[in-house]
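Remember, predicted model here, so these are calculated numbers, not experimental data. Positions are given from 1 along the sequence.
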Amino acid sequence: MIKIRHTGLVTNNLKSSLLFWTKYLKFKIKIEMNEDGNLIDKIMLYPNAKVKTYKLIDSNKMILELLYFKNPPKIKKNKIKPYTNGFTHISVTVKDLDKLYKFLRKKKIKFNSKPQLSSDGNVLMTYCRTPEGAFLELVQELKK
C-alpha cells in the first residue's frame with residue numbers, strides 16, 4: 001500500500017452535509033461530479049445508479065468524498081454504534097476542541113460527550129454525529 005486515498009461518506013441530505021464539512025469544518029470542494037453508467041453500476045452493485053460526488057480536501061490534503069445518490073435504493077437506516085464491527089468512525093485533528101465543540105453544539109450537532117482528556121493525557125477528544133449519521137472523532141493534540 002502506498003497511502004489511504006480518501007474516505008467515502010454517503011449522504012441523503014447534500015445541503016446539510018456540505019454545510020457541515022465545508023462551513024463548519026473548513027474542508028474545500030476540490031471536485032464536483034455527476035456519475036452514472038456501467039462503471040458506477042458495477043462498483044456500487046446498484047443498477048442505474050446516479051450519484052453526485054464531491055471530493056472535499058482539508059488543509060493537510062486529506063480527501064473526503066461525499067456521495068449523494070439521486071435515486072437511492074430503499075434500505076433500512078444504518079445502525080452503526082462506536083463499538084460495531086467494521087469501520088465505525090473517522091478522526092480529524094483540530095486546533096481548539098473546546099471552541100469547536102461549543103460552536104457545533106450551537107449548530108445542533110449531537111455529541112456523545114463533552115471533550116475528554118485521553119488516558120495518556122496527550123489529547124482532548126470527543127465523538128459527534130455527522131449529518132449522515134456517521135461518527136466523527138474530533139481530537140486536539142496537547143503540547144507537553
Side-chain angles (χ1 to χ4, degrees), residues 1-118 122-143:
M1 182 176 84
I2 298 170
K3 67 178 182 176
I4 294 176
R5 185 174 174 88
H6 68 261
T7 301
L9 188 57
V10 175
T11 181
N12 65 359
N13 186 329
L14 195 52
K15 183 179 177 182
S16 176
S17 294
L18 285 171
L19 178 70
F20 180 80
W21 291 103
T22 62
K23 299 297 184 206
Y24 300 170
L25 294 180
K26 306 300 183 199
F27 280 70
K28 304 285 185 222
I29 296 173
K30 181 179 178 184
I31 299 170
E32 175 184 343
M33 293 176 60
N34 288 300
E35 301 184 57
D36 59 22
N38 194 38
L39 173 64
I40 275 297
D41 292 354
K42 286 181 181 177
I43 299 280
M44 296 292 169
L45 299 175
Y46 181 45
N48 301 312
K50 295 187 183 342
V51 188
K52 184 162 191 92
T53 60
Y54 286 84
K55 293 271 191 343
L56 307 177
I57 191 164
D58 73 3
S59 60
N60 293 307
K61 309 272 187 260
M62 300 300 292
I63 298 172
L64 176 69
E65 181 181 37
L66 283 180
L67 298 99
Y68 172 74
F69 285 82
K70 296 176 182 179
N71 61 339
K74 303 286 186 222
I75 57 173
K76 292 182 181 178
K77 187 167 172 105
N78 197 350
K79 299 286 185 183
I80 291 177
K81 303 285 184 193
Y83 48 81
T84 305
N85 286 341
F87 294 108
T88 60
H89 70 279
I90 60 173
S91 179
V92 296
T93 302
V94 301
K95 289 181 183 176
D96 186 339
L97 182 54
D98 287 325
K99 182 178 176 183
L100 181 60
Y101 172 78
K102 289 173 186 168
F103 172 77
L104 292 175
R105 291 268 312 201
K106 285 181 184 174
K107 300 295 183 182
K108 307 292 187 216
I109 301 300
K110 292 185 176 24
F111 284 82
N112 290 4
S113 71
K114 293 180 180 177
Q116 305 290 312
L117 184 63
S118 63
N122 290 331
V123 300
L124 278 178
M125 57 183 286
T126 189
Y127 274 39
C128 70
R129 285 281 189 172
T130 69
E132 306 79 23
F135 286 103
L136 177 65
E137 181 182 20
L138 301 170
V139 178
Q140 177 186 339
E141 296 171 348
L142 300 175
K143 296 182 172 127

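Annotation: side chain to side chain donor-acceptor pair (under 3.5 Å) contacts of K70 (sequence neighbours excluded): N34. Applying the salt bridge (charged side-chain N to carboxylate O under 4.0 Å, His left out) rule to K52 yields the partners E32; only residues at least two apart in sequence or on another chain are considered. Residues passing the side chain to side chain donor-acceptor pair (under 3.5 Å) test with T93: none are found, sequence neighbours excluded. Considering only residues two or more places apart in sequence or on other chains, E35 meets the salt bridge (charged side-chain N to carboxylate O under 4.0 Å, His left out) condition with none of them. Not counting sequence neighbours, the partners of L117 by the side-chain contact (heavy atoms from CB on, under 4.5 Å) test are L124, L142. N38 is linked by a side chain to side chain donor-acceptor pair (under 3.5 Å) to nothing, counting only residues two or more places apart in sequence or in another chain.
One distance of note links CG of L100 with CG of L25; it measures 6.0 Å at 0.5 Å rounding. From E137, atom CD reaches atom NE2 of H89 across 4.0 Å, with rounding to the nearest 0.5 Å. A distance of 5.5 Å separates CG of D96 from CD of Q140, quoted to the nearest 0.5 Å. The distance from atom CZ of F20 to atom OG1 of T22, rounded to the nearest 0.5 Å, is 10.5 Å. For the atom pair CG of L56 and CD1 of I63, the computed distance is 9.5 Å after rounding to the nearest 0.5 Å.
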Side-chain atoms of residues 6-14: list all donor-acceptor pairs with protein atoms under 3.5 Å, sequence neighbours left out, distances to 0.1 Å.
from : atom 1 : to  : atom 2 : distance (Å)
H6   : NE2    : E65 : OE1    : 3.0
T11  : OG1    : N13 : N      : 3.0
T11  : OG1    : N13 : O      : 3.2
T11  : OG1    : S17 : OG     : 2.6
N13  : OD1    : K15 : N      : 3.4
N13  : OD1    : S16 : N      : 2.9

Name each donor-acceptor pair under 3.5 Å that joins a side chain in residues 102-115 to protein atoms two or more places apart or in another chain, with its distance.
none

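Below 30°, between 30° and 60°, or above 60°: for F135 and Y127 the angle between ring planes is between 30° and 60°, a tilted geometry.
Listed by first then second residue, pairs satisfying ring-ring contact (aromatic ring centres under 6.0 Å, His included) with a partner in residues 49-76 number zero, not counting sequence neighbours.
Heavy atoms only, all atoms of each residue included: A49 and D41 are closest at N-OD1, 3.0 Å.
Within a 6.0 Å sphere centred on CE of M44, other residues, nucleotides and ligands contribute more than 12 heavy atoms.
Proximity of a side-chain donor or acceptor of D58 to a complementary backbone N or O of N60 within less than 3.5 Å is detected.
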(message) Run the side-chain contact (heavy atoms from CB on, under 4.5 Å) test on L136 and I90 for me, step by step, so that the C-alpha distance in whole Å, both residues' side-chain angles and the decisive distance to 0.1 Å come before the verdict.
(response) CA-CA 5 Å; L136 177 65; I90 60 173; 3.6 Å; yes

(request) Run the numbers on L138 and V92 for side-chain contact (heavy atoms from CB on, under 4.5 Å), then give the verdict. (result) CA-CA 5 Å; L138 301 170; V92 296; 3.4 Å; yes

